[in-house]
Amino acid sequence: MNSKITNRIALSVIIVCAAAMAAILISMLGYILVRGVSSISWHFLTTSASPFLAGGGIKDQLWNSFYVLIITMILTVPIGVCGGIYLAEYAKPGRLTSFIRTCVEVLASLPSIVVGMFGMLVFVNYFGFKYSVFSGALALTVFNLPVIVRVTEDGFNALSLHQKEGGLALGLTHWHTIKTILLPAAFPSILTGVILSAGRVFGESAALLFTAGLSTPDLDFGNWNPSAPNSPLNLFRSAETLSVHIWSVNTGGIMPDVQTIANGSAAVLVIFVLLFNLCARMLGKVINQKFSGK
Amino acid sequence: MEKNIVSFTNNTVTKELPIQINVENVNIFYGDNHAVKDVNLPIHEKSITALIGPSGCGKSTFLRTVNRMNDLIPSARCEGTISYKDVNILNPKLDVVQLRKEIGMVFQQPNPFPKSISENIQLPLRFAGVRNKKTLKDATEDCLKQVGLWDEVKDRLDRSATSLSGGQQQRLCIARALALKPDVILLDEPTSALDPVSSSKIEELLLELKNSYTIIIVTHNMQQAARIADYTAFFYQGELIEFGQTRTLFTNPEKQSTSDYISGRFG
Amino acid sequence: MEKNIVSFTNNTVTKELPIQINVENVNIFYGDNHAVKDVNLPIHEKSITALIGPSGCGKSTFLRTVNRMNDLIPSARCEGTISYKDVNILNPKLDVVQLRKEIGMVFQQPNPFPKSISENIQLPLRFAGVRNKKTLKDATEDCLKQVGLWDEVKDRLDRSATSLSGGQQQRLCIARALALKPDVILLDEPTSALDPVSSSKIEELLLELKNSYTIIIVTHNMQQAARIADYTAFFYQGELIEFGQTRTLFTNPEKQSTSDYISGRFG
Amino acid sequence: MKIGKVVTDAAPASRNRSKLINEKGFFSRLTDRTSESRGKLLIYGSALLMIVAVTAITLFLTIQGLRSFVVDRLNFWTFITGTEWFPDRAKNPSFGAFPFIFGSMAVTFLAALIATPIAIGTALFMAEIAKKWGAKIMQPVIEILVGIPSVVYGLIGLSIVVPFMRQHFGGTGFNLITGAIVVGIMILPTVASIAADSIRAVPDSLRQASYAIGATKWQTIWRVVIPAAGSSLLTAIILGMSRAFGEALAVQMVIGNVGKIPSSILDPSATLTTIITLSMGHTTTGSLLNDALWSLGLILLLISYVFIVIIRFIGKKGEKR
Amino acid sequence: GNGSGSSDSSSSSKDSSSSSEALSGKITIGGSTALQPLAAQVAKEFMEKNPDVQIEVQGGGSGTGLSEAQAGNFDIGMSDVFAESKSNIDAKALKDYQVAVVGMTAAVNPKAGVKNLTKKQLQDVFTGKVKNWKDVGGKDLKITLVNRPDGSGTRATFDQFALDNKTPAEGITQDSTNTVKKIISETPGAVGYMALSYFTANDTSVTKLSIDGVEASDENVGSGKFPVWAYEHMYTKGEPSKLVKAFLDFMMSDDVQTKDVPAQGYLSVKDMKVQRDADGKQTDK
Ligand SMILES: Nc1ncnc2c1ncn2[C@@H]1O[C@H](COP(=O)(O)OP(=O)(O)OP(=O)(O)O)[C@@H](O)[C@H]1O
Ligand SMILES: Nc1ncnc2c1ncn2[C@@H]1O[C@H](COP(=O)(O)OP(=O)(O)OP(=O)(O)O)[C@@H](O)[C@H]1O
Ligand SMILES: [Mg+2]
Ligand SMILES: [Mg+2]
Ligand SMILES: O=P([O-])([O-])[O-]
């Protein structure tokens, strides 16, 4: 009898915890969206920010966020996937592997501000990339690399050994087995991980504060020559991203509609994170189905 | 067993066949675990050799050493000589990739690649450098016909191999192993994950394949060994207890433990 | 099999024992998959009943229903009556926690808790509310003695149970099941992951335990069934094909498929 | 010794070797081998790059962070134990970083204290009680929350938690516990999802064993599942703590940023990260305050290493069992 | 190895010898976040007039502005304070352009019930000598201080000219004037300080404090009666290039000084009847 009552109580407590979590999460999401969605309009999304007048938008910031994200992904995905493959397939248990693993963990759990400071020191000043898209992307690479490494390693480890044996037993080289059999099979889970990590990159601010800068030149969206200083594609121009914008507007914005802009930007950010998640799920499902042939 | 229903009709070893692979003093270790102890064994060309023995006796370990699949296990270590075509398979300098093209392997769990049926057959060929579309297509048809799968799948070669049933998958894996025209095929309990009907199809297939290939099969089903193998090797606790023509080994075992095992006193 | 070495000396069912569990019209489904079909079966007190049959025929599914372990699988659904002590085990309102104390279970893979040996035995007692140190200690010794493990581990009761060998772990799991003094013990292929020596130790143990407990055992080893079971039930594709005293079933099966199976024609 | 060669030489003519195999000449094998080595190059290079990254970060931050002691001759000991932070005081400025170290620790532990029960409870719910629900609803929601930028958490803290604290506990609402609550909520999803993973990793055979000896669900969770998941649960909590420790902007928005050791959790406080973001832009490169901030960054780095060492230690212990 | 290949600010403008010729090239401006919006606005107007000119306006803070100007990374470094007041900056190497003036005063929560304090009272409040508003003629309400961080230009100015360099007591510190204002308006008894531009005309959420009976208005700052104000500076490293000079001239033009500068809540330098040097000494113009 006694153990049954304990059981009831304990399980209820767990359910209460989960309910509390759900409540916190849902009310937060709701709060951001409810407060922010009313300020989102086509105008808001397609107008540049105004230095001090009301009615500014977030066009440049939104573009910058995506641009920094894309550059970061271009830098991290190939390296991260290779690193993950190393750990999953080539690393022999030993000191070196353990050290590399520690490095991955170190990179993954560095405070973002430390990464920002490092980026400022090395990319901005030492290499002279200035406050720029490129410096920002390099700093974000530091964060994102370990995430991709882990995702890849997990993806590979989740594959059954059978497939690998199948490949090797057919006289395929190890690398070829990885390339033609294991990587495609692990692809869905890697992709899901990459898209989920995109959410974090999209929302990072502290590190970008010190590396990508707090401003954006007057972008000319008609000029796609990457070497032009006002081109949206220029890698070496400063780029305030959306989440940095939220921070800076909230900190020192003198436009009358500071609150509206901050709320709207937050809602846009959250909506994009939601979209990334949805994409991850759907793509994962579709690709999984394709691979399993159902 | 009260009845003797097993017939030895397939084990028609009338004359000794030439030796394809010769195993001499092979010892295999996993770290400190001495898994296979001092095994000497001839594998005859174009015949089926069955490896039997209780669980954990080292059958799989031994089999996987023949095409060096055990290289994948970092702790595994191997001593001795396995002669094949004048080379020692255990030579560390050996080109294992090439070796595995000549000594194919089929596993307990069917492991088709999550790709289309035809790609499963073509992948090894492509890797071996075959580019010609026609050659690839012909080879696909040829291999699938050899395992009797052609008629069942010819209309859906582009469908994913994972959509096949377990038995079909296993035959596909055998077909895949045949694509490279190996000399030897190793099979590790290829039927134990299958239903009886699929199993017997594969047994028939093996009997046919032995006309062109040397086959080594691990099985825990003694009836299966009795039905299809020309030679049988009985392993026990890492040692090769007895080896001989299947009929002799089953009807007139030399060792008490062989007799105990095949009569089901343990295992 | 040329020789008949299997003796039925252990299957000494001279008179019909009273029925402990009566299975009537039991059907079990996983979603749409009808895994066990309309089974009727009596389980006799203080005897060993073996469930045999090819892989996937529903042996485990049936066994797990007897102590409602299948409740853990959300898609599993069960119909029919399993009478035990005047209650229907399948009654949804039944106190399954109590039921499982009376009908213990041992699994194919030894699954000791990653705790010390003595805690493994004491945990079920603690769950049941036993707090007294002395009682717990005595019970530990008692149970370990019953499974013949006491002498092997008495000096290292505080060591982790995972440091034991597979066979020892399995005996520990049996000891753990005995701790609550159940009426019935269910065993699902308890020896198939073990080496021959450990297996035969467990077989001996079961023969001893049947003096005090009712035992149902799933096995894929027909020799094992023949050696230790008083009654044997043969399942095939979810149906109970034949049930009877082991000697009768093995020497004189009524159905052709039973005869085929035990003679190794399939499976 | 190359088997391939042996074959072509020794293969008897009678052997019906298909021309498929004959097509495979010296060249294709060369490409096989280069592709293997090319792949290896790529892969070892990537692994190396991670070592380089960590080394570079450590090196650069160390050099920069030691300037205040080496160049500016601040006393290391008084720097980390001093409680007075008056870098701009006209007469004898003082650099005592202890309040920030203390603040960071306090926020981290309080946040863990707030987040752990809810997160573990949720993880248990998802992985043990309502698996379907957990996988279908909780997991996605949690993943979305992991992706919400910390600035947004700060914004919400500013507009909900701070006014709430002010109304119910007086003061300004900007204080240690507000910071801890905001960060605690921020790390909730991280801890919960890792904890859920580690609970799911407990083999089902243990649960079965437990149920089979008549355990209730709670007994199974408490006596079997949690001990078995033990070390990885701890890892989840510590990972959450390391995230809390490194958080900057969200904390800065709500903690009050007072460089004094708080006398209660309702006092405003400051952390290593907040003082860095707060002051960095106002300082000039090479100035004393700037160097001191880099030293704080170095301390931040070192403490995050400590977290990793702890995690690895726990992981190793978990493996051994 | 410099990433921004096109950032050489003056190369192209050097070639154009005649001043009537169109300007071209790139200017990087950075530093004070307070001045950033004004600079951005003026830059925008300048670029409209000179389509071949690219101006990038970055933030980073006054310290960054000075450091980077000194290092040559910014063509113009913006600062809220005199370069002389910052360590590690060689003020002599920098050329100072005072482009605007910002007035500041204390802001009090209306519930405190004070509208005016003497300088002495103000100092007592901020140094923590007085802990309740009733001691300075207000309601019985605890005083809560809200500070700006060390190194902030606003804080430096307030400390220097309102508190006469006395060190303020510890209080909540916020880097954001918006947040400071929010806290003051929401917390009974809170007091802080901010630029006059943040006090909007009919905004009663915070009380704008007079000091020694002098209202903190643009006129009083301009006439020198109200002491708490500072220049907004633009620094160049040595003499500016032609292009940068043209921009700075534009910055000081009547157009900008009478339109953009007041629009953002600054005073035009031209409206000042007094001036100050780096030591804070105030003299009539
Ligand atoms: N990867 C491994 N690492 C360490 N030991 C291993 C490994 N694989 C097998 N062993 C050990 O080697 C011995 C032989 O194992 P092996 O798999 O060859 O047996 P088997 O005869 O194939 O058994 P089964 O019938 O169960 O497949 C066993 O003691 C086993 O525990
Ligand atoms: N958890 C499950 N969910 C769905 N179907 C299941 C599940 N477990 C078993 N089945 C199906 O139920 C049928 C009977 O399975 P069961 O495990 O009872 O067979 P078995 O006789 O114990 O086989 P084996 O000898 O391999 O253990 C099989 O078709 C199997 O695929
Ligand atoms: Mg095996
Ligand atoms: Mg089973
Ligand atoms: O203008 P500030 O330097 O006080 O931010």
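The sequence lines fix the lettering, A, B, ..., with proteins before strands; numbering per chain opens at 1.
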Exercise. Do any pairs count as a side-chain hydrogen bond (donor to acceptor under 3.5 Å, both in side chains) and have a residue in residues 7-21 of chain A, sequence neighbours left out, and if so which ones?
Worked result: none
Exercise. Looking at Val122(A), Ile26(A), Ile24(A), Val142(A), which has the largest count of heavy-atom pairs under 4.5 Å with chain D?
Worked result: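 Counting heavy-atom pairs under 4.5 Å, the top option is Val122(A).
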Problem set entry | Top of His174(A), Glu204(A), Arg281(A) for chain D proximity - count of heavy-atom pairs under 4.5 angstrom | Arg281(A)
Exercise. Is the shortest heavy-atom distance from the side chain of Val151(D) to the side chain of Val244(A) under 4.5 Å?
Worked result: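 Side-chain contact under 4.5 Å: no.
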Answer with side chain, backbone, both or neither: which region of [X] has an atom nearer than 4.5 Å to a non-hydrogen atom of chain A?
| X | answer |
| --- | --- |
| Ile137(D) | neither |
| Leu158(D) | side chain |
| Glu143(D) | both |
| Ile129(D) | side chain |
| Gln252(D) | side chain |
| Ser159(D) | both |
| Ile311(D) | side chain |
| Met280(D) | side chain |

For this session: Select, from Ile221(D), Leu293(D), Val141(D), the one with the greatest count of heavy-atom pairs under 4.5 Å involving chain A.
Result: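 Of the options given, most contacts go to Val141(D).
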Exercise. Which of residues 46-56 of chain D have a heavy atom under 4.5 Å from any heavy atom of chain A?
Worked result: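 The list, in residue order, reads Ser46(D), Ala47(D), Leu49(D), Met50(D), Ile51(D), Ala53(D), Val54(D), Ala56(D).
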Seminar exercise, completed: Within residues 184-191 of chain D, contacts to chain A at heavy-atom distances under 4.5 Å involve Ile185(D), Leu188(D), Pro189(D)
Exercise. Which residues in residues 99-114 of chain A have a heavy atom less than 4.5 Å from any heavy atom of chain D?
Worked result: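 Within residues 99-114 of chain A, near chain D: Phe99(A), Ile100(A), Arg101(A), Thr102(A), Cys103(A), Val104(A), Glu105(A), Val106(A), Leu107(A), Ser109(A), Leu110(A), Pro111(A), Ser112(A), Ile113(A), Val114(A).
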For this session: Show your working on side-chain contact (heavy atoms from CB on, under 4.5 Å) between Trp218(D) and Ile9(A) and close with a plain yes or no.
Result: CA-CA 9 Å; Trp218(D) 172 244; Ile9(A) 295 172; over 6 Å; no
Problem set entry | Carboxylate-amine/guanidinium proximity below 4.0 Å for Lys40(D) and Glu89(A) | no
